[in-house]
Amino acid sequence: MTTLLHIDSSVLPGEASSSRSVADAFRKAWEEQHPEGRVIHRDLAADPVPHITAAAWSAGFTDPSERTPEQAAAFGERVRLMEELERADAVLIGAPMHNYSIPSTLKAWLDNVFLLGRTAGEAPSAQGTPVVVVASRGGSYAPGTPREGFEFVQNYLEVVLQGALGLDVEFIVPELTMAPSNPAMSELIPLYEVSRERAFRDATAKAKALAERLAA
Ligand SMILES: Cc1cc2nc3c(=O)[nH]c(=O)nc-3n(C[C@H](O)[C@H](O)[C@H](O)COP(=O)(O)O)c2cc1C
């Protein structure tokens, strides 16, 4: 049985959110390929994980027999999140751009699952797991655009997910999502529409390609 870990972090509900909508298209195509499969859905906006604390962090480097009750309790939640990642056959992450970077709820999840010597380091425990990130953004930060240097979503997630956790990361980037609601961006609506259509197409195609890859 294949397991997809699906993480959303948009503050917007349902179809109002580009990342949720595109991730849903991926998930539907995935479920068609894996009717017997399991999807674990974490909605970090509705149900945020705790910010990392001194106890939760230091517990990761303390022998279990020497942990304080506070460290043991805090670490228990981290282990639950790490195991979810480690047991997943594939991961789907909605990562909208918030002030040039990822939502703080997604950062909190990363701070919990990132543990040197386990999920990160020389032999990361989830190494090679495919991850599709839906990186929605109101503007465009594509190469050659004026704000190219302000992009800290893909750049950051590539370093953390691929570089440190050893995951196999691909991005889908619905961009210019603010064009329909921001009069100053009205000329960009056709580009927004192209980007949106491509994102939905990519989501379906990547879900199918991944299913084939995992079945091989
Ligand atoms: C708190 C917040 C900060 C944002 N900051 C940016 C930003 O820096 N750059 C940008 O292009 N869009 C920004 N936006 C717009 C979102 O990236 C855009 O609405 C995108 O579609 C969000 O994905 P979602 O629709 O899945 O929520 C911001 C939105 C919010 C709520």
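As the structure lists them, so they are numbered: ligands from 1, and atoms in each ligand from 1. FYI, the numbering just counts along the sequence from 1.
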Do you see a donor-acceptor pair shorter than 3.5 Å between the side chains of Ser10 and Asp8? no

Donor-acceptor pair between Glu86 and Ser125 side chains, under 3.5 angstrom: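 On atom types as modelled, these side chains qualify, holding a pair under 3.5 Å.
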
Parallel, tilted or perpendicular: rings of Phe150 and Tyr100 (30°, 60°):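 Perpendicular.
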
I want to confirm something. Looking only at heavy atoms, which of Asn99, Val11, Thr177 is nearest to atom 3 (C) of ligand 1?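 Selected option, by shortest heavy-atom distance: Asn99.
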
Considering non-hydrogen atoms of the protein only, which is the closest contact for [atom], and what is the distance?
atom	answer
atom 22 (C) of ligand 1	Pro96 CB, 3.5 Å
atom 23 (O) of ligand 1	Ser136 OG, 2.7 Å
atom 25 (O) of ligand 1	Ser18 N, 2.8 Å
atom 16 (C) of ligand 1	Met97 O, 3.6 Å
atom 31 (C) of ligand 1	His98 NE2, 3.7 Å

Without swapping roles, check the side chain of [X] against the backbone of [Y] for a donor-acceptor pair under 3.5 Å.
X	Y	value
Arg147	Thr145	no
Gln71	Thr68	yes
Asn112	Arg78	no

Which of the numbered atoms in ligand 1 are under 4.0 angstrom from any heavy atom belonging to [X]?
X	value
Tyr100	7 (C), 8 (O)
Ser10	24 (P), 26 (O), 27 (O)
Met178	19 (O)

Does the N or O separation between [X] and ligand 1 drop below 3.5 Å for any pair?
X	value
Gly138	yes
Gly139	yes
Arg137	no

Between Tyr141 and ligand 1, which part of the residue brings a heavy atom under 4.0 Å of the ligand: side chain, backbone, both or neither? side chain

Checking Glu31 against Arg27 for the salt bridge (Lys or Arg N to Asp or Glu O under 4.0 Å) test, could you report, in this order, the C-alpha distance in whole Å, the side-chain angles of both residues, the deciding distance, and whether it holds? CA-CA 6 Å; Glu31 284 172 333; Arg27 178 176 166 162; 3.4 Å; yes

When Ser9 is tested against each of Ile93, Thr105, Ile102, Asp43 for side chain to side chain contact (heavy atoms under 4.5 Å, CB included), which residue passes? Thr105

Return yes when atom CD of Glu70 has more than 12 non-hydrogen atoms of other residues, nucleotides or ligands closer than 6.0 Å, and no otherwise.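 Not buried by this count: 12 neighbours or fewer within 6.0 Å.
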
